[in-house]
Amino acid sequence: MKVLHYIPDAKAVAGTYISDYCAGVVSCMARQVDVHVLTLTADVHIENATVHVWRLGLMPFYTGRKRLRRILSDLRPDIVHINSCWSFYAGILSSECVKMRIPTIITPARRLEPWHFSHRYLLSKLPKYLLFQRKMVVRAAVVHAVCLQEAADLAILCWHPKFKARRSLNDRVVLTNIFCSPVNSGAPRIADELLRLYRKVADSAPFPMMSAGELLVEDSLIMAGVADCGLHPGLPDNVLSLTQTFDGNAWRRILLHSADQGVLDIVRRGISITGVAVPSLSVDKVDRFAGGLTIRRKVRKRLPGSSKILRLQSDGSMSGKELDICVMFLTVMIKAQVAYVSRAELVELCRALRLGGYDEDTVEAKVRALGLLGDAAGLFQILKERYGLGEGFMFTEPSDGKAAAKFRVKLSKSDIQ
C-alpha cells in the first residue's frame with residue numbers, strides 16, 4: 001500500500017504536540033508500508049518516509065495545481081491523508097484527489113471545533129467553509145478525529161459554530177485518541193490503528209486502485225460466468241498470463257469490486273469454469289464501510305428520468321418481453337448518464353437479449369421513437385467488447401463512435417471500467 005501524507009508546514013509548528021504526533025506516527029507507519037509526505041517547505045526530513053516538496057510558483061492556483069497533478073500522477077497513491085484544515089492548498093489537493101478517484105482521509109486536528117471555528121468567523125472561516133472546507137469534509141472517505149470532543153463536534157458541524165446540524169456532513173468519523181498516551185509510546189499504536197483504517201478504506205473503495213489488467217480479468221471471468229459451461233472455450237492466453245502475475249491483493253480487489261457491483265457469484269462461477277487458481281477470500285468477513293465508498297463530485301439522492309420509465313411501463317403498445325427489454329434498456333441508459341449503473345444491470349440486460357424470444361423490430365422502433373437508437377449502438381459496442389454479446393442478439397448494429405466513447409467515460413465514473 002502506498003500512502004501520501006499532506007503536512008503543509010512542518011517547520012512552522014515544530015515542537016508542538018500535534019507536530020510531534022504527525023512526525024512520529026508517519027515515521028512508524030513508514031516501517032510497514034510505502035509512505036510519502038507532501039509538504040510546502042523545503043529541507044524537511046521524516047525518518048523512513050520520502051518527502052516531496054509542492055512548489056506553488058507565482059500562480060499557485062494554476063502552476064501549483066499542475067505541479068500537484070503531476071506529483072499525484074507519478075506517485076499514484078492508494079490513500080491521501082490530509083493533515084490540514086482551513087487551507088486553500090488543502091482544498092486544491094482534495095479536489096484533485098476527487099478528479100483522480102483517490103480516497104482521502106482528513107485530520108482537522110480540532111480546528112473544526114466551535115472554539116476554533118468562531119475565531120475570525122466572518123472574515124476568514126465562513127468564506128473558507130463555503131468555498132472549500134465543507135466540500136473537503138463531504139468528499140472525504142473518512143474524517144479522522146483525535147479526541148472524543150472533536151468526534152462529537154464533527155457530528156453536528158454546520159455553517160455556524162453556535163448552530164447544530166441535524167445531519168452529519170460525513171457519517172464516517174473515526175476516532176483515534178492521541179492524547180491518552182505519550183508521543184513516543186503512543187506513535188506505534190496510532191500508526192497501527194491508522195494502517196487498519198487505511199486497509200478498511202482501500203477495501204471499501206477497490207475500483208480506484210484496480211489496474212487495467214485486473215479489470216480485463218474481471219471482464220473475462222464475468223464473460224465465462226454468464227456463458228454456458230460447455231460453450232465457453234476458457235480464458236485467452238493474454239488474460240491467463242495476467243492471472244499468473246496477480247498477487248493476493250489484486251485478487252482481493254477483483255472479488256471486492258465484483259461484490260460491490262453485484263456480480264460476485266458470476267465471477268466465482270467464471271473462476272470455477274476456467275480453473276484459475278485464486279486465493280480464498282470470504283468477502284462477507286472483510287472489514288468495510290457499510291455501502292462501500294464512492295468517490296464522486298456529487299451524490300445524487302434521486303435518479304432523474306424515472307418518470308420516463310414509468311411512462312414506458314404504462315405504454316399499452318407493448319407487452320411481454322419487448323416491454324421488459326425496453327424498460328431494462330432505458331433504465332441502464334438513464335443510470336449510465338448519471339454514472340450510477342452497475343455491472344449486475346448490464347449483465348441482466350445481456351442475459352435478456354441472449355434469451356431472445358422478442359420482436360426486434362418492435363423494440364428497435366420504440367428505441368428509435370425515444371431518440372436513443374444511436375446511444376443503443378454505442379452501448380451494444382461496450383456489451384460486445386466487455387461481456388461477449390454477439391451481434392445476432394442485438395436489435396441494432398453496434399458502433400464504436402462517439403456514443404461508445406461517451407459510455408466508456410460514464411462507466412468509468414460508475415466504478416465499472
Side-chain angles (χ1 to χ4, degrees), residues 1-8 26 29-40 44 46 48-56 63-84 89-107 136 139-142 144 191 194-219 242-243 245-257 260 288-289 292-297 339 408-409 411-417:
M1 178 181 291
K2 184 182 292 185
V3 181
L4 176 65
H5 278 266
Y6 175 62
I7 305 174
V26 170
M29 193 181 298
R31 298 170 190 165
Q32 304 181 51
V33 296
D34 187 11
V35 174
H36 297 255
V37 176
L38 180 66
T39 181
L40 301 176
V44 175
I46 297 179
N48 303 321
T50 305
V51 179
H52 304 267
V53 180
W54 180 12
R55 303 187 185 279
L56 300 174
T63 57
R65 187 183 288 268
K66 288 182 64 177
R67 291 170 181 173
L68 174 64
R69 198 174 297 142
R70 191 179 305 118
I71 292 173
L72 292 176
S73 299
D74 293 340
L75 291 179
R76 197 61 194 177
D78 299 324
I79 304 288
V80 172
H81 193 147
I82 302 176
N83 298 277
S84 179
Y89 306 126
I92 293 175
L93 176 59
S94 175
S95 175
E96 291 300 321
C97 287
V98 171
K99 290 180 182 177
M100 300 182 67
R101 315 297 292 279
I102 303 174
T104 59
I105 297 175
I106 297 177
T107 301
M136 286 178 60
R139 294 172 178 175
V142 169
H144 174 226
L194 287 178
L195 286 175
R196 287 195 293 269
L197 176 61
Y198 296 161
R199 170 51 60 189
K200 186 175 182 179
V201 170
D203 288 340
S204 301
F207 176 76
M209 291 179 281
M210 293 182 70
S211 64
E214 293 169 11
L215 292 171
L216 177 60
V217 169
E218 186 180 17
D219 289 336
L242 276 175
T243 61
T245 62
F246 286 172
D247 57 5
N249 289 327
W251 285 113
R252 185 186 186 94
R253 288 190 290 268
I254 290 174
L255 293 177
L256 290 175
H257 180 248
D260 291 340
R288 311 176 74 198
F289 288 103
L293 295 177
T294 303
I295 306 166
R296 296 191 180 104
R297 287 178 173 270
R408 292 187 181 97
V409 174
L411 293 180
S412 176
K413 292 182 179 180
S414 299
D415 292 353
I416 291 182
Q417 65 182 48

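Since the structure is predicted, the reported quantities are computational estimates derived from the model, not experimental observations.
- The CH2 atom of W54 lies 6.5 Å from the CG atom of L38; values are rounded to the nearest 0.5 Å.
- Between atom CD1 of residue I46 and atom OG1 of residue T39 there is a gap of 7.5 Å, rounded to the nearest 0.5 Å.
- Here A191 pairs with V25, C28, M29 under the side-chain contact (heavy atoms from CB on, under 4.5 Å) rule; sequence neighbours left out.
- Note that SG of C97 and CZ of R139 are 11.0 Å apart. Values are rounded to the nearest 0.5 Å.
- Taking the side chain as every heavy atom from C-beta outward, V53 and L40 never approach each other to under 4.5 Å.
- Considering CD1 of I71 and CG of L4, their distance stands at 8.5 Å, rounded to 0.5 Å.
- Partners of D203 under the side chain to side chain donor-acceptor pair (under 3.5 Å) rule, at least two apart in sequence or in another chain, are R199, R252.
- In this structure the side chain of P208 never reaches within 4.5 angstrom of the side chain of I102, judged on heavy atoms.
- Listed by chain and residue number, D34, H52 satisfy the side chain to side chain donor-acceptor pair (under 3.5 Å) test with H36 (two or more places apart in sequence, or in another chain).
- Listed by first and then second residue, the salt bridge (Lys or Arg N to Asp or Glu O under 4.0 Å) pairs that reach into residues 206-216 are E214-R253, sequence neighbours excluded.
- Here salt bridge (Lys or Arg N to Asp or Glu O under 4.0 Å) pairs that include residues 67-81, with residues two or more places apart or in two chains, are R69-E96.
- Using a 4.5 Å heavy-atom cutoff, the side chains of V3 and V80 are not in contact.
- P103 has its side chain out of reach of M209: every pair of non-hydrogen atoms, C-beta onward, lies at least 4.5 Å apart.
- With sequence neighbours excluded, the residues forming a side-chain contact (heavy atoms from CB on, under 4.5 Å) with A30 are V35, N48, A49, listed by chain and number.
- Y6 has its side chain out of reach of H81: every pair of non-hydrogen atoms, C-beta onward, lies at least 4.5 Å apart.
- The line from CE of M136 to CD1 of I106 is 4.0 Å long, rounded to the nearest 0.5 Å.
- Counting only heavy atoms from C-beta outward, the side chains of R65 and S95 approach each other to under 4.5 Å.
- Under the rule for a side chain to side chain donor-acceptor pair (under 3.5 Å), Y89 has no partner lying at least two apart in sequence or in another chain.
- Here L216 contributes atom CG and I254 contributes atom CD1; the two are 9.5 Å apart, rounded to the nearest 0.5 Å.
- Other residues, nucleotides and ligands contribute over 12 non-hydrogen atoms within 6.0 Å of the NZ atom of K2.
- Considering only heavy atoms from C-beta on, Y198 stays 4.5 Å or farther from V33 through its side chain.
- Contact of the T107 side chain with the I82 side chain is not registered, since no non-hydrogen atoms from C-beta on lie closer than 4.5 Å.
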